[in-house]
Amino acid sequence: MASGTVTPAFLAAVGARLPALRLLADEADRESYRRDETAYLPTGLPGAVALPTTTEEVAALVRLCADFDIPIVPRGAGSGLSGGASGIEGALTIAFTAMDRILEIDRENLCVVTQPGVINARLKAAVAEVGLFYPPDPASFEMCSIGGNLGTNAGGLCCVKYGQTRDSVLSLEVVMADGTVLRTGGKNIKDVAGYSLTHLIVGSQGTLAIITEATLRLRPAPAPRSTLLAFFPTLESAGDAVAAIAVAGLSPVTLELMDRFTINAVDDMHALGLDRQAAAMLMIESDLPATAAAEELTRGEAACVSAGATSTVRSQTVAEADLLRQARRAAHYALERLGEVKMEDVGVPRSKVPDMLRAVERIAAKHDVRIGTFGHAGDGNLHPDLVLERGDPRAEAITKAVQADLYQAALDLGGTVTGEHGIGSARTAWLEPQRGAAAVRVMRSIKTALDPQGLLNPGRVL
Ligand SMILES: Cc1cc2nc3c(=O)[nH]c(=O)nc-3n(C[C@H](O)[C@H](O)[C@H](O)COP(=O)(O)OP(=O)(O)OC[C@H]3O[C@@H](n4cnc5c(N)ncnc54)[C@H](O)[C@@H]3O)c2cc1C
């Protein structure tokens, strides 16, 4: 593993080789690159932060880091929830904020070519202007970057219909650990030549290669969404409704869940008039054209009622549907108003959602803590948010104990310790229990083959 740190000699070499590069060396500037959104994880202060604008600059930086044996942390917008972009003491953070150009929107080939620093919402808006749609939509879409989405294989609210980020990637341009620049493919929809380096690199959290450009798949823009909210007397009945919707052959674009604690936090923040007594709420959205959407929601409503929903309500306008979706996106921040929040990210097969919800309740009771659960129920991906009193001296110990119980419960149900946020530095101890020693050995040999010096985001994932 690379163990050098940024030194005056390194800074001088960068200055000589890349005189136009923006490089932050002041401590106050570097401090703001210390953390991502996992403020509670141990981090290091970067030795310097580079803000390149071209692939050539990135490649030159990687070569210089190799010469000086300095680790590199690739960083997008820093909204990650696994410590993947947090600083490493004395290392070089390469932040992609200034590589923020959308290079081409190709309407014939239904794709967009973009630099990694573009914010997800800006890309969506740019392609929407020409009637196209880029599906991946993490709840953080207004702040996170395409590079970070690719780094984490981000999920979001419409994965249940359109898949994770990986499902919208045609190819990447990357800088490898030895400074080689390569393209993993082109604009082909079908391309099975050799191993899929694209899919190996997506989700590798900056540990295998640095992404400097991406060709992303687009779709014709679907209809504006219609929304149904369904309220349930028990978590189990909400879980049953998720299964019933799948069995009914429906394919809603969103199938999100909130528990009572989260419903109340969101309603306190937005005054939406939600049913505050309900044990759980499902948000179901359809993006089918007008009458087909109404029919999909009617069938979804029937599945909810047969699973035990006590009330349902539909958005009357597109603006109302947007407001409800925004409120769901802000669930994490609604909970943050109540204390210090640690967001988790477990996933289980969809049919096991009720079991996982029951396990979360059991774990909260066992540790006498508040947990608000919400998430992408249609994907079986839940975010139990641990809400602690600010300044609670037991916070670290409780967090560790609750996390361990949550992860074990997910694994016992055939699930995963992370559905979309990544192993990063937060969950490395749980990779082997989930994947097994043989799989981790294969991952290590891939890492060693591609990055023998251990330059790229060392200590993350593996
Ligand atoms: C309120 C809130 C809601 C969220 N909701 C969701 C959600 O619904 N779904 C979801 O998946 N995530 C969600 N997230 C987590 C986060 O927004 C995503 O993980 C997002 O993809 C991170 O993007 P970023 O630009 O902030 O990346 P960063 O946090 O900067 O980096 C993330 C990882 O990608 C790597 N990386 C960044 N750029 C590159 C590059 N150019 N080349 C190689 N590696 C790179 C980094 O090293 C790091 O490991 C949420 C976060 C918050 C705070």
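Atoms within a ligand are numbered from 1 in the order they appear, just like the ligands themselves. All values reported here derive from a predicted model rather than from experimental measurement.
- Under the salt bridge (charged side-chain N to carboxylate O under 4.0 Å, His left out) criterion, Arg460 pairs with no residue, sequence neighbours left out.
- Side-chain contact of Glu213 with Thr114: a donor-acceptor pair under 3.5 Å is absent, judged by distance alone.
- Using a distance-only test at 3.5 Å, with no hydrogens or angles considered, a donor-acceptor pair links the side chain of Thr418 to the main chain of His421.
- Gln453 meets the side-chain hydrogen bond (donor to acceptor under 3.5 Å, both in side chains) test with Asp69; sequence neighbours excluded.
- Checking Glu173 against Thr212 by side-chain atom types alone, a donor-acceptor pair falls below 3.5 Å.
- Protein neighbours of ligand 1 below 4.0 Å, counting non-hydrogen atoms: Glu37, Pro74, Arg75, Gly76, Ala77, Gly78, Ser79, Gly80, Leu81, Gly84, Ala85, Phe96, Pro116, Pro138, Ala139, Ser140, Met143, Cys144, Ser145, Gly147, Gly148, Asn149, Gly151, Thr152, Ala154, Gly155, Gly156, Gln205, Gly206, Ala209, Ile210, Ile211, His332, Tyr333, His376, Glu420, His421, Asn457.
- Qualifying side-chain contact (heavy atoms from CB on, under 4.5 Å) partners for Asp355, counting only residues two or more places apart in sequence or in other chains: Lys352, Arg358, Leu413.
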